[in-house]
Each structure stands twice: as structure tokens, then as C-alpha cells.
Number of protein chains: 2
Amino acid sequence: MHYTRDNMASLLRSHDINPTHQRIEIAHALFSRQEHLSADQVMAIVNTRHSETSKATVYNTLKLFLEKGLVREVIVDPSKVFFDPNTSPHHHLYEIDTGHLSDIDASHVQISGLPPLPDGMVTEGIDLIVRVRRKA
Amino acid sequence: MHYTRDNMASLLRSHDINPTHQRIEIAHALFSRQEHLSADQVMAIVNTRHSETSKATVYNTLKLFLEKGLVREVIVDPSKVFFDPNTSPHHHLYEIDTGHLSDIDASHVQISGLPPLPDGMVTEGIDLIVRVRRKA
DNA sequence: CACCAATCTGGACTTTGTCTAATATCCGGA
DNA sequence: TCCGGATATTAGACAAAGTCCAGATTGGTG
Ligand SMILES: [Mn+2]
Ligand SMILES: [Mn+2]
Ligand SMILES: [Zn+2]
Ligand SMILES: [Zn+2]
């Protein structure tokens, strides 16, 4: 399955999102790269060559994708949020020096011994972030 | 051991920090409460009654505390950083609705199966965040 | 074509955080 | 005590990420 714009349209429809030109471009930026991108980076990618999509639309669209479960949010840098086209459960490795964020497959990682949740609470997600730095 | 201002001064000295009036007040805000506070919250606490400490000093001081290992940074909310007076290894529970952040004791939690680090990299820390929401 | 709802847009605005140049404080030596 | 330099604090300008809104576009449908 390639990440053509047509396939992006189907993907959007399957998540109950009306596939407009801008939404298709933004989805294509994320899914064709399979990388963690900030709103700023998405903006830059989508607007290479000629400017097509406004800042407001980029933010609105990413928020929409989030609500519809098409992407996931990764909060590891205090100065910007990353959007992640990989919504399967997985963890993250963050290289502090470079700002590069990569996936850690969850299938072999095991987390045990977490205390029971407070009453009336339900888990929205468990984020495990390994912060690394180049050895001195 | 109470969190008197005198004890704060000793604590600062023991971390190689020159204990000034402002630094003592900021340390006192964090340690007497033993809570996770944002820079904004620290600012508000320290400046109740009469204004004493500037925004620049609050940020400078929190960064200094961080460098000297007196506090830890917790990144869970895309809109602000929390500072944590508890530097022992522990995890966090984040209530998305309220923004409230609490500690999870690390002693019973076990994380296994993490892949080996990329070459030349060293772990700076492992953050485990359980995001919860009030049940619908 | 005319209409309506959904979408997109520029730009003003807010918030968190940084930077800088001027001032204040502290401390050791003469 | 007075001086001089180092350290610390400050106000306010600035920057970057993100939000908001009122007006313009778009894309069907009758
Ligand atoms: Mn294009
Ligand atoms: Mn006071
Ligand atoms: Zn990921
Ligand atoms: Zn904590």
C-alpha cells in the first residue's frame, strides 16, 4: 500500500474526515514520511514551492486528525508538540541534542507493577519516553 | 526536617547554589509544598502580598536549580513545563481534565525489554507518564 | 444559476519563555 | 570604612507556538 493522495483520501474518509485538498496534503506529509512532525514542519512541507495552506488550517487539521484518532500527539519537547502517524501502541526515544524522535516497538517492552488507578479514572494512554544524549 | 527558609539555604549550599533571598523563596515554594509547579505558579506564590521577584529571575532560578540537580523537569502538558522537587526516580500520573500531576512510586514499577541504546548514546532519564481522564 | 454548509484564510492576539543592558548586591582586600 | 569586581536581579523588548475570529472560498444540490 503506497501513500498516494488517493489513498490518503480513502484513509481520511475511513476516519470520518471530509477529504479536502489541504487535509490530503497534510495527511500525505505525515504518512508518506512515517515520521514525527511538528506543526511547523508540516506547514513547511505542505507549503514548499508555492504557499497553499494557512497556519490556521494546519493547526485546525492536526487537531481534527487527533480527535478522529488518525494521528497521535507526542509531548517530549517543551517548545513544540510532535504529531505521530503511528497510532499503534509504542514508545519513544528522544535524542535531546538533536531533537530527533524515534519509535520503540512496544511488543517486547513490559511495564509491570503500576498502582491501581484512582477511582472513576480511566487510562487514556501510557507514554514511555527514553531521553538520551550523545556520550560526552 | 521542616522546610524552613534556613534549611532552604543549607539545601541550596549543598547543591553549590549561592542562597540569595529570591532563590530561597523559590526553593521554599517548591519544597514546602512538595508539588509539581509551573514557572507561572512559582511566580504567583513567590509574589503574593508584595511583588519581590521578577519573571526573569524565576526562569533563571528554575533553570539553575535544574542544572544543579535540585529539581527535575516534567513535560506532560504542551503548554507549560512543571518543576518537581522530588528528584528520586519516580513516575507520573497526569489527570488530563484538571491538569493535576501526581507521583507514582518507582519502587514497585518494573520496565523490561527496552532495546539497547544506539551507539555512543547514554540515557539521561526514562519518563513514564500515565495519562488518565475522568470516566465518562 | 442561487443557495447553504463546510472549510479556509490573514492577521490580530495570547501565552510561555528568552534576551539584554542597566542596576543592585555582595564580598574580600587596602 | 571604602573600593572594585564579580554575581545576581530587574524591566521590558522580543520570539515562537498556538488560538481565535470575521470574512472569503469552495463544493455540492435544487
Ligand atoms: Mn501542491
Ligand atoms: Mn517575602
Ligand atoms: Zn511514534
Ligand atoms: Zn514528580
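The chains referred to below are lettered A, B, ... by the order of the sequence lines, with proteins before strands, and numbering in each begins at 1. Quick caveat, the model's predicted, so the values are computed rather than measured.
- One interatomic measurement links the two molecules: CD of B:E73 to C1' of C:dG17, which rounds to 12 Å at whole-angstrom precision.
- For A:F82 and D:dA17, the CZ to P distance is 11 Å, given to the nearest whole Å.
- Closest to the side chain of A:V81, out of C:dC19, D:dG18, D:dT9, is D:dG18.
- The base of C:dG11 is not paired with the side chain of A:K55 by any donor and acceptor separated by under 3.5 Å.
- Atom CZ in B:F65 sits roughly 12 Å away from atom P in D:dA8 (whole-Å rounding).
- The side chain of A:Y59 has D:dA17 as its nearest neighbour among D:dA17, C:dT7, C:dG11.
- Among the atoms of the strands shown, base atoms are found under 4.0 Å from some heavy atom of B:T57.
- In the hydrophobic clustering of ILVMFWY residues, with side-chain heavy atoms under 4.5 Å counting as a link, B:V81 and B:I96 come out apart.
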Hey, what are the protein-to-nucleotides 22-30 of chain D N/O distances that come in under 3.5 Å?
none

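- Between B:P78 and B:I17, it is B:I17 whose nearest contact on DNA chain D lies nearer the 5' terminus.
- One atom, CD of A:Q22, and another, P of C:dG10, lie 10 Å apart when rounded to the nearest Å.
- Spacing between atom CG of A:D77 and atom C1' of C:dG17 amounts to 13 Å, rounded to whole angstrom units.
- The separation between B:I75 atom CD1 and D:dA17 atom P is 15 Å, rounded to whole Å.
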Checklist entry - Would B:H36 and B:H100 satisfy ring-ring contact (aromatic ring centres under 6.0 Å, His included), going step by step from the backbone distance to the final call? => result CA-CA 9 Å; B:H36 308 87; B:H100 187 255; 7.8 Å; no

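- Heavy atoms from other residues, nucleotides or ligands lying under 6.0 Å from CD of A:Q110 number 12 at most.
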Between the protein and nucleotides 23-29 of chain C, list every N/O to N/O distance that falls short of 3.5 Å.
none

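- Considering only side-chain atoms of B:A39, the nucleotide from D:dA17, D:dG12, C:dG17 that sits closest is C:dG17.
- Of the candidates B:Q34, B:H92, B:R72, B:D84 forms a side chain to side chain donor-acceptor pair (under 3.5 Å) with just one, namely B:H92.
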Checklist entry - Are B:K80 and B:D40 close enough, and set up right, to give a salt bridge (Lys or Arg N to Asp or Glu O under 4.0 Å), and what steps lead you there? => result CA-CA 9 Å; B:K80 65 179 70 149; B:D40 229 36; 5.8 Å; no

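- Separation of atoms CG (B:L37) and CG (B:L62) is listed at 9.0 Å; rounding is to 0.5 Å.
- Contact check on A:D97 versus A:R133 returns a salt bridge, with a Lys/Arg side-chain nitrogen under 4.0 Å from an Asp/Glu carboxylate oxygen.
- In this structure, the CG atom of A:D40 is 8 Å from the C1' atom of D:dA17, given to the nearest Å.
- Listed nucleotides: C:dT16, C:dC8, D:dT10. Nearest to the side chain of B:K80: C:dT16.
- In terms of modelled atom types and a separation under 3.5 Å, the side chain of A:D103 and the main chain of A:H90 share no donor-acceptor contact.
- One atom, CG of B:L12, and another, P of D:dT7, lie 18 Å apart when rounded to the nearest Å.
- Put simply, OG1 on A:T61 and CD1 on A:I26 are 4.0 Å apart, with the number rounded to the nearest 0.5 Å.
- Counting any heavy atom pair closer than 4.0 Å across all strands shown, B:S38 reaches no nucleic acid atom.
- Nearest-nucleotide mapping onto DNA chain C: of B:S79 and B:N60, the residue sitting toward the 5' end is B:S79.
- The main-chain N or O of B:P19 is never found under 3.5 Å from a side-chain atom of B:R23 such that the two would form a donor-acceptor pair.
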